Structures are given as C-alpha cells and as structure tokens.
J.: 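First the structure, then my questions, so here it is.
When reading the values below, keep in mind they use all heavy atoms of this one structure, side chains included, and skip hydrogens, waters and symmetry mates. Keep in mind it's a predicted model, so treat the numbers as computed, not measured.
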Amino acid sequence: MLTASANGLVSREAGRAGPLTDIQKIAQHMARLNVTSLPRNYELFHEAIIGHNPGLAQDIAALGSQPEQAMLDELGLKYRLVGHCGLVGETSRNEAGRTLREVAERLAEGLRHRDAFARACGTILRSVAGHEDQSLAAFIGEVDYLSASLATVMSAEMEIGARLLDDINKLETLERGISAMQSATIADRITGLANRVALNRQITELYEREEGAAGSALIMVDIDDFTELNDRYGTQAGNKLLKKLATLFRKSVKKNDFVARTEADEFALLFANVGMQDAIAIAERLRASVEENLVFATSDKGDSGRLTISVGLALSADATTPGQLQANARVALLAAQSNRRLPVQAFGR
C-alpha cells in the first residue's frame with residue numbers, strides 16, 4: 001500500500017535489499033499496484049517518488065491497488081505532466097479529425113439535395129416544353145411538386161447549417177483545449193516558468209539558427225539542501241521558496257534571455273550575446289542575489305534560514321550540439337555542488 005508521502009512510497013523491503021535506482025523504485029511500485037508499464041505512468045510515479053511530490057503521492061495512494069488507467073490519466077492531467085497532456089492533445093486532434101469528416105459528409109448531403117432539386121427543375125421544364133397543350137391542373141401539379149422539392153432543400157440546408165455551427169463551436173473548443181495542453185506541456189506547474197521540455201526546444205532552436213549557436217551561455221542552478229528544507233519545513237514552504245526564486249530569476253533576465261525550472265530543485269537560464277567573463281559575472285550576481293534576498297523565518301533562532309545555490313555554466317561556443325551544451329553545464333554544476341567554497345563553476349575554466 002502506498003503511503004501519503006513521496007518518501008513513503010519507498011518500501012522497507014526495498015531498503016533492506018540495498019539501494020535501488022530511480023527506475024527500479026518506480027518499476028517496483030508500479031508492479032506492486034499492477035499499473036501498466038506505459039511511459040506516461042512511469043512519468044506519473046517518477047514525479048511522486050523521485051520528484052518528491054507529496055500531493056501526487058497522496059492522490060495515487062487514494063486510488064488503492066490496481067487503479068484504473070483513466071484515474072491515473074486524470075491525475076496526470078491534474079498535475080499537468082507532459083505525457084498526459086500530450087495524450088489529451090492527441091485525443092483532441094483525433095476528435096477534431098472526426099468532426100471535420102462529419103462536416104464533409106454534411107456538406108456532401110447538402111449537395112445531394114441541391115442536385116435532386118436541380119434534376120426536378122430540369123424534368124419539369126422538359127415536360128412543359130414538350131407538352132404545350134398540357135392542362136392547367138397538370139402544370140399546377142408539377143409546380144406544387146417543385147415547390148415541395150424546394151421546401152425540402154431549404155429545410156435540409158437549414159438543418160445542415162445549424163449542425164455545422166455546432167461543429168464549428170466544437171472545433172473551436174478543441175482548439176482551445178489543444179492550445180491549453182500545449183502550454184501545459186512546456187510550463188512548470190509550481191512556478192509558472194518554462195520547464196525542461198521548453199528549455200530543450202529553446203536550445204535546439206538556438207543551434208538551428210543560420211548564424212549558429214555561438215555567443216550564448218547556459219547557466220544551471222541547484223538549490224543547496226532543498227530536500228532537507230522540504231523535510232524540515234514542509235512542502236508548502238518549499239513551494240513558496242521556489243516561487244520566490246522564480247520571481248527573482250525572471251527579474252534577472254532580459255527580453256531575449258530564457259529561464260526555466262528543470263527539476264524539483266534545479267533551474268536553468270539561457271543568456272544571449274555573452275562571453276565567459278560576462279557569464280561568470282551574471283552567475284555571481286544570481287548567487288549573491290539569492291543569498292541576500294531569500295531569507296526565511298524559522299523556528300530555530302540560531303538558523304538564519306538563508307537560501308544558497310550552486311551554479312554551473314557553459315558557453316555554446318564550446319559545444320557543437322544542444323546535448324553537449326547541457327552536459328557541459330551539468331559538469332560545471334556538479335563541480336560547484338561538490339565544493340561549497342566555490343559555488344560558481346564554469347566549464348573549461
């Protein structure tokens with residue numbers, strides 16, 4: 001049985017068996033609950049277990065054993081996970097395609113009614129032209145038939161028009177839903193910043209430009225001891241700190257720069273038109289700004305509640321691919337994390 005906390009998702013049995021990888025932990029819990037091994041389910045459990053999301057962990061626990069896939073998908077949408085939002089986008093596109101096919105069928109139906117009326121008109125005209133001595137009663141009968149045919153066409157077109165209006169409204173609703181899901185897939189749920197998916201796109205676009213990627217710097221920021229902060233003061237306090245940090249980073253970037261939250265305690269900033277010295281200066285300013293501004297109250301009078309960060313940076317000029325740029329920045333960040341006396345590290349320096 002799942003517990004209501006993210007940490008509680010890890011079983012005692014797993015602990016005795018030795019340390020497990022993140023994937024093993026996720027696979028173990030999914031197997032225990034008989035959850036299908038779908039990519040979006042792995043993402044769901046990763047967010048709960050590895051992402052330390054107690055709200056999601058509690059919601060999963062509330063489903064009990066053998067949860068239905070629809071319920072899991074609802075949780076994925078609730079927490080705006082990328083895989084689940086993509087699923088909704090695909091469903092919406094399929095629904096839009098079905099609606100468009102129905103529109104085409106209705107338009108074809110309207111054309112059939114018009115063709116039938118045109119044939120009726122042709123038949124009556126030929127009858128009148130070929131029978132000049134036709135009686136008035138017979139002529140009136142044919143006019144009545146033509147009038148009835150016209151009424152049928154008009155009635156059918158009015159019905160088709162009303163149904164087409166409904167279809168247009170449905171398509172507009174689907175379009176809004178797809179747009180909302182697309183926005184959700186590239187936005188961080190807690191801070192409102194861009195997420196890792198959006199960062200990957202941004203860096204990829206950087207390397208696809210005709211002028212090349214040289215001249216940009218990727219800065220990765222990790223909050224020191226964030227897991228301990230969450231454990232000590234609670235997830236709500238941790239989320240408030242994340243939001244404050246996001247606000248501070250937003251104010252630190254210019255129009256052409258980019259900021260994202262990429263992990264539970266990690267942010268990334270992409271700066272344009274900067275060299276190594278400028279990038280280091282920016283990183284130092286970010287670090288100092290966090291330490292000076294993000295001070296929070298604690299119950300321990302001896303604890304100032306000061307937030308600190310580790311910062312790693314890399315230049316696009318030193319990387320030939322988007323993946324290499326991120327890897328270089330990651331190497332620098334790991335160096336900063338391992339040496340708190342030098343919290344800002346640059347790749348290649």
J.: Distance check, rounded to the nearest 0.5 Å: Lys254 atom NZ versus Asn273 atom CG?
T.: 9.0 Å
J.: Roughly how far apart are Ile26 CD1 and Glu47 CD, rounded to 0.5 Å?
T.: 10.5 Å
J.: Is there a path of hydrophobic side-chain contacts, each under 4.5 Å between heavy atoms of I/L/V/M/F/W/Y residues, joining Val253 to Phe267?
T.: yes
J.: Evaluate Asn34 against Ser65 for side chain to side chain contact (heavy atoms under 4.5 Å, CB included), listing each step before the verdict.
T.: CA-CA 7 Å; Asn34 294 312; Ser65 60; 5.8 Å; no
J.: Any chance you could measure Phe258, atom CZ, to Ser216, atom OG, to the nearest 0.5 Å?
T.: 12.5 Å
J.: Salt bridge or not between Glu284 and Arg287? Use side-chain N to carboxylate O under 4.0 Å.
T.: yes
J.: How close do Ala332 and Gln345 get, heavy atom to heavy atom, and via which atoms?
T.: O-CB, 3.3 Å
J.: Could Glu263 and Arg196 be called an ion pair, given the rule that one side-chain N must be under 4.0 Å from one carboxylate O?
T.: yes
J.: Please step through side chain to side chain contact (heavy atoms under 4.5 Å, CB included) for the pair Gln202 and Glu205, ending with a clear verdict.
T.: CA-CA 5 Å; Gln202 190 77 9; Glu205 290 175 4; 4.2 Å; yes
J.: Taking Val290 as the fixed residue, which of Ile223, Leu307, Thr308, Val311 is the one that meets the side-chain contact (heavy atoms from CB on, under 4.5 Å) rule?
T.: Leu307
J.: Is Asp225 atom CG crowded by more than 12 heavy atoms from other residues, nucleotides or ligands, each under 6.0 Å away?
T.: yes
J.: Would you mind reporting whether Leu63 and Leu72 have side-chain heavy atoms less than 4.5 Å apart?
T.: yes
J.: Judged by atom type as modelled, is there a donor-acceptor pair below 3.5 Å linking the side chain of Gln324 to the main-chain atoms of Thr320?
T.: yes
J.: Is the backbone N or O of Ala264 less than 3.5 Å from a side-chain atom of Arg261, with the two atoms forming a donor-acceptor pair by type?
T.: yes
J.: Just checking, any donor-acceptor pair under 3.5 angstrom between side chains of Asn200 and Gln326?
T.: yes
J.: For Glu74 and Glu68: C-alpha separation, side-chain torsions, deciding distance, then whether side chain to side chain contact (heavy atoms under 4.5 Å, CB included) applies.
T.: CA-CA 10 Å; Glu74 284 185 13; Glu68 295 181 7; over 6 Å; no
J.: Grouping I, L, V, M, F, W and Y whenever their side-chain heavy atoms are under 4.5 Å apart, do Leu218 and Phe347 come out in a common cluster?
T.: no
J.: For residues Val331 and Ile280: do they belong to one hydrophobic cluster (side chain heavy atoms under 4.5 Å, members Ile, Leu, Val, Met, Phe, Trp, Tyr)?
T.: no
J.: Side chain to side chain contact (heavy atoms under 4.5 Å, CB included) between Arg341 and Asn339: does it pass, once the steps are laid out?
T.: CA-CA 5 Å; Arg341 292 176 299 176; Asn339 186 356; 3.5 Å; yes
J.: For Gln236, I'd like to know if atom CD has over 12 heavy atoms of other residues, nucleotides or ligands within 6.0 Å.
T.: no
J.: If you take all heavy atoms of Leu325 and Ala314, which pair is closest and at what distance?
T.: CD1-O, 3.9 Å
J.: Working to the nearest 0.5 Å, report the span between CZ of Phe226 and CG of Leu242.
T.: 4.0 Å
J.: For a quick test of reading the model, state the closest non-hydrogen atom pair linking Ala48 to Leu56 and the distance between them.
T.: N-CD2, 3.8 Å
J.: Under 4.0 Å between a side-chain nitrogen and a carboxylate oxygen: does that hold for Glu292 and Arg285?
T.: no
J.: Assigning hydrophobic clusters by single linkage (Ile, Leu, Val, Met, Phe, Trp, Tyr; side-chain heavy-atom cutoff under 4.5 Å), is Leu38 placed with Leu75?
T.: no
J.: How close do Leu248 and Ser252 get, heavy atom to heavy atom, and via which atoms?
T.: O-OG, 2.9 Å
J.: Got a second to check how far Lys251's NZ is from Ser289's OG, nearest 0.5 Å?
T.: 9.0 Å
J.: Would you say the side-chain atoms of Asn230 and Thr235 include a donor-acceptor pair closer than 3.5 Å?
T.: no
J.: Mind checking the CG-CE spacing from Leu44 to Met30? Nearest 0.5 Å is all I need.
T.: 8.5 Å
J.: Taking the side chain as everything from C-beta on, heavy atoms only, tell me whether Leu315 gets closer than 4.5 Å to Met276.
T.: yes
J.: When you compare the side chain of Arg250 with that of Leu193, does any pair of heavy atoms fall below 4.5 Å?
T.: yes
J.: Which atom pair, heavy atoms only, marks the closest approach of Asn195 to Ala260?
T.: O-CB, 3.9 Å
J.: Would you confirm whether Asp257, through its side chain, and Ala272, through its main-chain N or O, come within 3.5 Å as a donor-acceptor pair?
T.: yes
J.: Spell out, yes or no, whether Phe45 and Tyr42 are grouped together once hydrophobic residues are joined by side-chain heavy atoms under 4.5 Å, including indirect joins.
T.: yes
J.: Which residue in the set Asn328, Asp222, Ile219, Val221 passes side-chain contact (heavy atoms from CB on, under 4.5 Å) when paired with Leu333?
T.: Asp222
J.: Between Asn41 and Ser37, is there a donor-acceptor pair closer than 3.5 Å when you use the side chain of the first and the backbone of the second?
T.: no
J.: What are the two closest heavy atoms between Pro343 and Ala336, and how far apart are they?
T.: O-CB, 3.3 Å
J.: So if I apply the side-chain contact (heavy atoms from CB on, under 4.5 Å) rule between Val259 and each of Thr191, Leu269, Leu199, Leu270, which one comes out positive?
T.: Leu269
J.: For a 4.5 angstrom cut-off between non-hydrogen side-chain atoms, does Phe271 reach Asp278?
T.: no
